Amino acid sequence: MEKQYDAKAAEAKWYKFWEDNGHFHETPDTRTPYSVVIPPPNVTGILHMGHALNQTIQDIIVRWRRMSGYNTLWLPGTDHAGIATQNVVEKALKKEGKRRQDLGREKFLERVWDWKKQYGGTIVHQQRMLGNSTDWARERFTFDDGCNKAVMKVFKQLFDEGLIYKGNYIVNWCPRCGTALANDEVEHEANHGHLWYVRYPVVGSTAGVKGELNKDYIVVATTRPETLPGDTAVAVNPKDERFAAIVGKNVILPLTGREIPILADDYVEKEFGTGIVKITPAHDPNDFLVGKRHGLEEINIMTDDGHMNELAGEKYCGMDRFECRKALVADLEEGGYLDHIEDYDNQVGHCYRCHEVVESRLSKQWFVKMKPLAEPAIEAVKSGEVKFVPKRWENIYFNWMNNIQDWCISRQLWWGHRIPAWYLGEDIFVAETAEEALKAAQEKTGNAALTLNDLEQDPDVLDTWFSSWLWPFETLGWPEKTEDLDYYYPTADLVTAQDIIFFWVARMMMAGIHFMKKPPFKNIVIHGIVRAADGSKMSKSKGNSLDPLELISQYSADALRFSIALITSLDCDTKVNKEKFEIGRNFTTKIWNAAKFFEMKTAEVGAISKLDTLKAEDLSSDDKHMLIATEKACEKMKAILESYRIQDGALAVYDFFWTQICDWYVEYLKDSPNKAVSLAILKDVFYKALKLLHPYMPFVTEEVAHQLGYLNAEETIMKADYPTGYSAAEKAEWGLTEEVYEFVNSKREAITALRALRAEYKVTPSTFVKVSIATDKDIAGEIASLKKAMRAESIEVVPAGADLAMPSKMTAFGTVYLSLEGLVDKQAEAKRIAGELAKLAGFIKTSEAKLSNENFVAHAPAAVVEDARKKLAENKEKVQQLEKLAKLFA
RNA sequence: GGGCUAUUAGCUCAGUUGGUUAGAGCGCUUCCUUGACAUGGAAGAGGUCAGUGGUUCGAAUCCACUAUAGCCCACCA
């Protein structure tokens, strides 16, 4: 083996090997299926830490299941990301000085597809760098032909079922993207703004203008003065006695001179502002509803790109909305209409894609009725058919599902699934294809001469999520009846971050149940978000993001994966900084060096024993301990991974490899009296460890498994069996008992105690020392190995309780004494001992109090009481030892 | 305005159903390098488990309140 592990070379080599040999690919057979669909990243995306975390978790689970004998499918793909992708291409066009309208719809779409062909593979390529064992042969795209077909069918079906409708509604509108947005595509952010108090003169009073305004006006508070020209009423609360007298009168809308009524409506809060609110039905969702209730006119004063139109008045027409706000406020002030201004903090909606301030805009859109879809999706979780991990997300899911609003699915974009609705005059024909729509139109009109040219297709496209909510079954072939669909659906686990529970997970639940009659997955595993070291969100603009590809290049993919697994808890967000990835890198190095050691020793020793011929008497207690520790590690990993405790698993396998194998057993092996046996054990244990590790660190484990000859060139550790420990027969044959395990643990405790004594008394490790051990245990067989581990010149065994005047430490193994012979700083020692005695006295006091408490003795489990008694006795003995020692230094 | 979560060593986090003298990694201190590995080994310092009150023989763990931080939802102009 090379002196250093070349991660870059190994990772490139093995990924190609796996992919070229179809190791990620399975087809339906008689085994139990285990399937997972990846949350498809945006095709415009580049790999970020969120992907790295999400996909590492999935790959760990998937690789573990694959090794555990399941027919495993992890299905990859990308999302066509309507707005995001269109924006990218529009930006490129802008550099050429063009807009998408200059190209026209068809040419523009060609450009987007060209872009997709050229750059759409970026993230797909980057995912391979992580080591994902995704079945690339089944890679899908939410806008490929199959998904398009699925989307068309779904739209038609929902329309026929009366669950899709078209309506004139006030929607969230991004003036920059020029499209409607769903409610959850709007991000609310704190805004330090103002509340403008504006005077509206009451008609029929003596109110005049400019400087002559008096009590004959009312004052209206607004955060959006620029919408004033769109006002068609002002409103007060019907129970508000202050204004009872003026309800039904009219006011004059400042600057326009238009007369508008004063209404009473429950929506108005008496306490807020002045208790009077202006009603602008075309520019505010609440006002829209008020307007509907009172039959008000809806005056749209803005263009779809956020400028004022002619209805805003000649002066403001063409102005940007925020420019207009300034101009209008200035005019109000000049006209004497501005009462005063207050600072006011509120929440303002922003487009989740481009961050522009969202406008409420009146327009015709398509909606899906969600309530009927949500009900069975709620039930599926309530009944336990689908489980959230961690469970607490269920409440959040229920809360959202119970308050679900209809889903605005139309987008005024070009890139996306075009809405399959065709118009002929007033008639709408919804069909899966244009031909079917034409046929329907011909039948309806009785005019067989109609052609496609007579029909006009709805220009809008569907929300991207309208395709991705079908992801778990459209990717398996639906609406065709395929073998894959039959075998792999429903999928097993869905792993995703908390931020798309509503966007995606909840909707997949609804679609899966509605169209497939079965929820799309059994477990929904929700993990946190990767944050920067200071806890803030990572973002490119802040410059605080870590690039997984850079980390891979610096530390290796295995290092990235292991580190991220080690520091991630499902329960909370994860803060990361670069240094954390050294853990994984160092671990890789450790594995490599341990392998080198094994190779070297094997060559040195020559023939090593065969594990299956060994009997208990061939094995030392340390040998047995190693085998038991391995057994325990296997059991532990299974339990951990079954409950999705990725972090615990990383820690457990790290500890097993580093502490159990390297720190203790390898050190033991160097001086083992029977190296042929110990190497045989190491050989077996090492391979088991590699397999336990493989889901976390696929590359280095594969490389080492080949280097050490566990596998031949055609084989892969990916398909090796996940270790389950030893058989009952083997355990009996080898005498692997809990007693031996505990015994060796206590021996190690004694070794550690001696080392600590050395450090305390500044006896360097190179000095051979005289050791005494006071114990009644039979430790004769351990003396040889103890001598080596303790670097002892001699070890004398004396009966427990023997009275030796030497520094000592108590262990379960016995009391370990270090002979001093010509040491030490007496004063410092005396002081240290006094400190320790004080500490022990405290413990003994509380301990005695506890034991003399009848309640404790009566109520606590016997084992707990027994344990407390034992500890008390031990500590009392310790005190005696220390007191004796204190005399030495007096 | 509702809801959720967090608060444990200097830092990042474990601590599974209440019973440890509260752990890990990094950082820090001391010692150890020709013998797999200094990306290493050994030993150690460092915490009244955010605060207050309660339940209990016993609380980091359960309950209530408070404080701080973060997230999500929500139409108060």
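Being a predicted model, the structure only gives us computed values, none of them experimental. Just so we're on the same page: letters track the sequence lines, and every chain starts at 1.
- Atom CD in A:E760 sits about 17 Å away from atom P in B:U30, given to the nearest Å.
- Within the 4.0 angstrom heavy-atom criterion, base atoms lie near A:R585.
- Distances shown here put a side-chain N or O of A:K590 below 4.0 Å from the OP1 or OP2 atom of B:G41.
- The partner of B:C76 is absent, by the rule that a Watson-Crick or G-U pair needs both atom distances under 3.5 Å.
- Across all strands, A:V865 comes closer than 4.0 Å to no nucleic acid atom at all (heavy-atom distances).
- Within the 4.0 angstrom heavy-atom criterion, base atoms lie near A:Q4.
- Distance, A:E342 CD to B:A77 C1': 13 Å, rounded to whole Å.
- Considering only the side chain of A:H859, B:C57 comes nearest among B:U39, B:A14, B:C57.
- Remark: B:U33 base-pairs with no nucleotide; criterion is Watson-Crick or G-U wobble with both hydrogen-bond distances under 3.5 Å.
- Picking from B:G19, B:C13, B:G41 the nucleotide with the shortest atom distance to the side chain of A:A860 gives B:G19.
- An OP1 or OP2 oxygen of B:A74 is reached within less than 4.0 angstrom by no side-chain nitrogen or oxygen of A:W400.
- In this entry B:U17 has no Watson-Crick or G-U wobble partner, no candidate having both defining distances under 3.5 Å.
- Within the 4.5 Å cutoff, no side-chain heavy atoms of A:Y696 are placed close to those of A:R561.
- Across all strands, A:E599 comes closer than 4.0 Å to no nucleic acid atom at all (heavy-atom distances).
- Using bins of under 30°, 30° to 60° and over 60° for the plane-to-plane angle, the ring pair A:Y654/A:F562 lands in the parallel bin.
- The side chain of A:Y344 contributes an N or O atom lying less than 4.0 Å from OP1 or OP2 of B:A77.
- If you take CD1 on A:I564 and CG on A:L566, they are separated by 11.0 Å, rounding to the nearest 0.5 Å.
- Annotation: B:C75 and B:U12 have their C1' atoms spaced 41 Å apart (nearest Å).
- Annotation: the span from A:Y197 atom OH to A:L332 atom CG amounts to 15.0 Å, rounded to 0.5 Å.
- Under a 4.0 Å N-O distance rule, the pair A:E667/A:R748 does not qualify as a salt bridge.
- Using a 4.0 Å heavy-atom cutoff across all strands shown, A:Y267 reaches at least one base atom of the nucleic acid.
- Rounded to whole angstrom, the span from the CE atom of A:M1 across to the C1' atom of B:A36 amounts to 10 Å.
- Between A:E582 atom CD and B:C11 atom C1' the separation is 14 Å, expressed in whole Å.
- Listed nucleotides: B:U12, B:A36, B:G25. Nearest to the side chain of A:Y654: B:G25.
- Of the candidates B:G40, B:A36, B:A14, B:A36 carries the atom nearest the A:A594 side chain, counting heavy atoms from C-beta on.
- Here the separation of B:G10 from B:G46, taken at their P atoms, is 11 Å to the nearest Å.
- Nucleic acid contact for A:K670: base, since at least one base atom lies under 4.0 Å from a heavy atom of the residue.
- Shown are A:F398, A:Y397, A:W393; of these, the ring-ring contact (aromatic ring centres under 6.0 Å, His included) with A:F388 is made only by A:Y397.
- Nucleotides of RNA chain B nearest to A:A756 and A:K3 differ in position, and the one nearer the 5' end is that of A:K3.
- Dense packing is recorded around CD of A:E604, with more than 12 heavy atoms of other residues, nucleotides or ligands lying under 6.0 Å away.
- Taking the P atom of each, B:C63 and B:A22 are spaced 23 Å apart, rounded to whole Å.
- If you take atom P in B:A59 and the same atom in B:G1, they sit 36 Å apart, rounded to whole Å.
- Pair assignment for B:A24 gives B:U12, based on Watson-Crick or G-U wobble hydrogen-bonding distances that are each under 3.5 Å.
- Of all nucleotides present, none satisfies the Watson-Crick or G-U wobble test against B:C49 with each distance under 3.5 Å.
- Within 6.0 Å of the NZ atom in A:K601, the count of heavy atoms belonging to other residues, nucleotides or ligands exceeds 12.
- Here the nucleotide nearest the side chain of A:R755, chosen from B:U39, B:A42, B:A77, is B:A42.
- Contact check, A:N593 against B:G40: no side-chain N or O comes under 4.0 Å of OP1 or OP2.
- The interatomic distance linking A:F562 (CZ) with B:G25 (C1') rounds to 10 Å, in whole Å.
- Atom name C1', nucleotides B:C28 and B:A9: the rounded distance is 12 Å, in whole Å.
- Map A:T752 and A:K601 each onto its nearest nucleotide of RNA chain B; the residue landing nearer the 5' end is A:K601.
- Nucleic acid contact for A:V857: none, since no nucleic acid atom lies under 4.0 Å from a heavy atom of the residue.
- Across all strands shown, A:T764 has no heavy atoms under 4.0 Å from either base or sugar-phosphate atoms.
- Under the 4.0 Å criterion applied to side-chain N and carboxylate O atoms, A:E599 and A:K596 are not assigned as salt-bridge partners.
- One interatomic measurement links the two molecules: CG of A:D287 to P of B:C75, which rounds to 14 Å at whole-angstrom precision.
- Distance check on atom C1': B:U7 versus B:U52 gives 15 Å, rounded to whole Å.
- Within the nucleic acid shown, A:R645 comes within 4.0 Å of at least one base atom, counting heavy atoms only.
- Distance from the side chain of A:F502 is smallest for B:C73 among the nucleotides B:C31, B:C73, B:C57.
- Using a 4.0 Å heavy-atom cutoff across all strands shown, A:W658 reaches sugar-phosphate atoms only and no base atom.
- Closest contact between the side chain of A:F856 and the listed nucleotides B:G25, B:C57, B:G70 involves B:C57.
- B:U17 and B:C11 have their C1' atoms separated by 31 Å, with the value rounded to a whole Å.
- Rounded to an integer number of Å, the gap from A:I751 CD1 to B:A43 C1' is 15 Å.
- The interatomic distance linking A:E667 (CD) with B:G35 (P) rounds to 13 Å, in whole Å.
- Counting non-hydrogen atoms under 4.0 angstrom, A:N395 reaches nothing in the nucleic acid.
- Checking B:G70 for Watson-Crick or G-U wobble geometry (two distances, each under 3.5 Å) identifies B:C4 as its partner.
- The P atoms of B:G35 and B:G41 are separated by 15 Å, rounded to the nearest whole Å.
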